[in-house]
Amino acid sequence: MTAGPGAGDAMFDNEDMAANLAPEVDVPTAGVVDVAAIDPALVDPEAVAEAVAPQREIETAEGQALLKTEGLTVRFGGLVALDDVSFEIRRGEILGLIGPNGAGKTTCFNAITGVYKPSAGRVMFDGEPLAKTKRNEITRLGIARTFQNIRLFGEMTALENVVVGTDARHRTSVPGAIFRTRRHRREERDAVARGMALLEFVGIAPRAVEKAKNLSYGDQRRLEIARALATEPKLLCLDEPAAGFNPSEKSALMDLIRKIRDDGFTVLLIEHDMRLVMGVTDRIVVLEFGKKIADDLPAAIRENPAVIAAYLGVPDDAIA
């Protein structure tokens, strides 16, 4: 099945797998969830990973450029926030986008995800330009993101938040939802099944029926990642996911990001914590004052004089 824009007859590519995972998911309405009691398959990491893995067809071959920015420029009046930036994100990698405060990282992120319209240049995604593409259409095309400031539906449960994300792949019309057609009921059932699998994948399934606002800060971050994954993205963009984390939480987050990549997703990561970035990324792009100053492997970035100067304020003549 190709789940392009508007597609999503079922939340899994293989309906038999969906049925085996949770044909009739019965989630408690209160208390901590025992995932084994809901469905024994949820305690099998391989079964969960298979259920979570993206099932969408991608035109870009493994290792080739899934997303490319070409001369990307963003101006706010007389301020040039992003200046002729070109780089690529290859399918199957974790790319780090770093730079000092004010370097243009989030502006670049927002230009890629449709929040800002570029003043010049373009963004190519899976072989197609994103010019004049609305944000909801960008999500359907396969780009999902999290935010620096957590944006969850606080009064909804964790599971409900993830189910909202699955709606990006649903095909049920408004009348179909009103009259609860067979397709709508199937999509609803599959959304809950996939939602539980995603919560288990990110490590918070026991908290499925807790309101999002009552979760710990770390669990809220994981929930936001699960909701983004629920849209079945080709590219997952994480905007400072480790903000406010202690060292042990950062270590667990690194493991989760690697697991996401190993499950078939491509990841773009903005992060200030250099130890995390160096430990989890395959390649790093560095911005300073809206310009790209480096694009290389983590080991080379660590020794790059221009990058060191950008972070430590070394005089320009010292770089030479």
By ring-ring contact (aromatic ring centres under 6.0 Å, His included), Phe109 pairs with (sequence neighbours left out) none

CA sep, side-chain torsions, deciding dist, call: Lys211, Met156, side-chain contact (heavy atoms from CB on, under 4.5 Å) = CA-CA 5 Å; Lys211 287 185 177 182; Met156 289 185 179; over 6 Å; no

Q) Do His272 and Lys105 come within less than 4.5 Å of each other through their side chains, counting heavy atoms only? A) yes

Quiz item: Looking at side-chain heavy atoms only, is the closest gap between Met124 and Leu130 below 4.5 Å?
Solution: no

Which of Leu238, Leu95, Leu235 passes side chain to side chain contact (heavy atoms under 4.5 Å, CB included) with Val267? It is Leu238

Taken to the nearest 0.5 Å, the spacing of Gln148 CD from Glu240 CD works out to 4.0 Å

- Message: So does Asp84 get a backbone contact from the side chain of Thr73, meaning a donor-acceptor N/O pair under 3.5 Å?
- Response: yes

Minimal heavy-atom distance between Ala65 and Thr60, with the atoms involved, is O-CG2, 3.4 Å

Can you check whether Leu67 reaches Ile112 side chain to side chain, under 4.5 Å on heavy atoms? yes

Would you say that more than 12 heavy atoms from the other residues, nucleotides or ligands in this model lie under 6.0 Å from the CD of Glu62, or not? yes

(message) Tell me whether Asp263 contacts the main-chain N or O of Ala53 through its side chain, where contact means a donor paired with an acceptor under 3.5 Å.
(response) yes

Exercise. Taking C-beta and beyond as the side chain, do Val286 and Asn304 meet within less than 4.5 Å on heavy atoms?
Worked result: no

query = With hydrophobic residues grouped by side-chain heavy-atom distances under 4.5 Å, do Val123 and Val115 end up in a single group?
reply = yes

Could you walk me through whether Arg283 and Asp296 pass side-chain contact (heavy atoms from CB on, under 4.5 Å), step by step?
CA-CA 6 Å; Arg283 192 164 51 89; Asp296 214 326; 5.9 Å; no

Rounded to the nearest 0.5 angstrom, the CG-CD1 distance for Leu253 and Ile225 is 5.5 Å

Heavy-atom closest pair (Thr113 atom, Cys237 atom, distance to 0.1 Å) is CG2-SG, 4.4 Å

For Pro54 and Gly264, the nearest pair of non-hydrogen atoms, with its separation, is CG-O, 3.7 Å

Heavy-atom nearest pair, Gln220 first then Lys213, reads NE2-O, 3.7 Å

In this structure, CZ of Arg140 is separated from CG of Asn136 (nearest 0.5 Å) by 7.5 Å

Expected output: side-chain Glu128 to main-chain Phe125 donor-acceptor under 3.5 Å: no

Heavy-atom distance under 4.5 Å between the side chains of Lys292 and Val285, does that happen here? yes

Are any of the side-chain heavy atoms of Leu72 and Phe87 separated by less than 4.5 Å?
-> no

- Do Val277 and Pro298 touch side chain to side chain, with heavy atoms closer than 4.5 Å? no

Quick check: does any side chain N or O of Ser248 sit under 3.5 Å from a backbone N or O of Asn246, one acting as donor and the other as acceptor? no

Exercise. Verify, without hydrogens or angle tests, whether Thr157 (side chain) and Glu210 (backbone) share a donor-acceptor contact under 3.5 angstrom.
Key: no

Report, as yes or no, whether the 6.0 Å neighbourhood of atom NZ on Lys259 holds more than 12 heavy atoms from other residues, nucleotides or ligands. yes

So CG of Leu152 and CZ of Arg227: to nearest 0.5 Å the spacing works out to 5.0 Å

Is the charged tip of Lys234 near the ring of Phe265: under 6.0 Å from the six-membered ring centre and within 45° of its axis? no

Heavy-atom nearest pair, Val48 first then Ala41, reads CG2-O, 3.9 Å

Inset, instruction - Could you walk me through whether Phe147 and Glu224 pass the side-chain contact (heavy atoms from CB on, under 4.5 Å) test, one step at a time? - result: CA-CA 8 Å; Phe147 297 86; Glu224 195 171 36; 3.6 Å; yes

(request) Side-chain contact test, heavy atoms from C-beta onward, threshold under 4.5 Å: evaluate it for Leu287 versus Leu82 and give yes or no. (result) yes

Please say whether more than 12 non-hydrogen atoms of neighbouring residues, nucleotides or ligands are located less than 6.0 Å from CZ in Arg258. yes

Could you walk me through whether Arg90 and Glu88 pass the salt bridge (Lys or Arg N to Asp or Glu O under 4.0 Å) test, one step at a time? CA-CA 6 Å; Arg90 298 161 192 161; Glu88 65 183 30; 3.0 Å; yes

With hydrophobic residues grouped by side-chain heavy-atom distances under 4.5 Å, do Leu199 and Tyr217 end up in a single group? yes

* Asked: Donor-acceptor pair, Arg145 side chain versus Ala228 backbone, under 3.5 Å?
  -> no

query = Are any side-chain N or O atoms of Asp282 and backbone N or O atoms of Glu93, one a donor and one an acceptor, separated by less than 3.5 Å?
reply = no

Between the CD1 atom in Ile143 and the OG1 atom in Thr231, the distance rounded to the nearest 0.5 Å is 10.5 Å

Co-membership, hydrophobic cluster, residues Ile150 and Ile260, 4.5 Å side-chain = yes

Is there a donor-acceptor pair closer than 3.5 Å between any side-chain N or O of Thr166 and the backbone N or O of Val163? yes

Check: Should Leu269 and Phe245 be counted in the same cluster of Ile, Leu, Val, Met, Phe, Trp and Tyr side chains packed under 4.5 Å apart?
Finding: yes

Can you check side-chain contact (heavy atoms from CB on, under 4.5 Å) on Leu97 and Leu268, steps first, answer last?
CA-CA 7 Å; Leu97 183 62; Leu268 171 61; 4.1 Å; yes

Taking every heavy atom of Leu276 against every heavy atom of Ala242, the minimum-distance pair comes out as CD1-CB, 3.7 Å

For the side chain of Thr139 and the backbone of Arg135, is there at least one donor-acceptor N/O pair under 3.5 Å apart?
yes

The reported gap from CG in Asp273 to CD1 in Ile98 (rounded to nearest 0.5 angstrom) is 11.0 Å

>> Applying salt bridge (Lys or Arg N to Asp or Glu O under 4.0 Å) to Lys291 and Asp83, what does each step give before you reach the verdict?
In response: CA-CA 5 Å; Lys291 290 181 175 289; Asp83 189 2; 2.7 Å; yes

Cluster link Tyr116 to Ile89, ILVMFWY, side chain under 4.5 Å: yes

Between Asp44 and Pro40 (side chain of the first, backbone of the second, donor and acceptor by atom type, cut-off under 3.5 Å), is there such a pair?
no

Practice item. Evaluate salt bridge (Lys or Arg N to Asp or Glu O under 4.0 Å) for Asp126 paired with Arg91, printing each intermediate quantity in order. Key: CA-CA 9 Å; Asp126 203 19; Arg91 181 181 172 187; over 6 Å; no

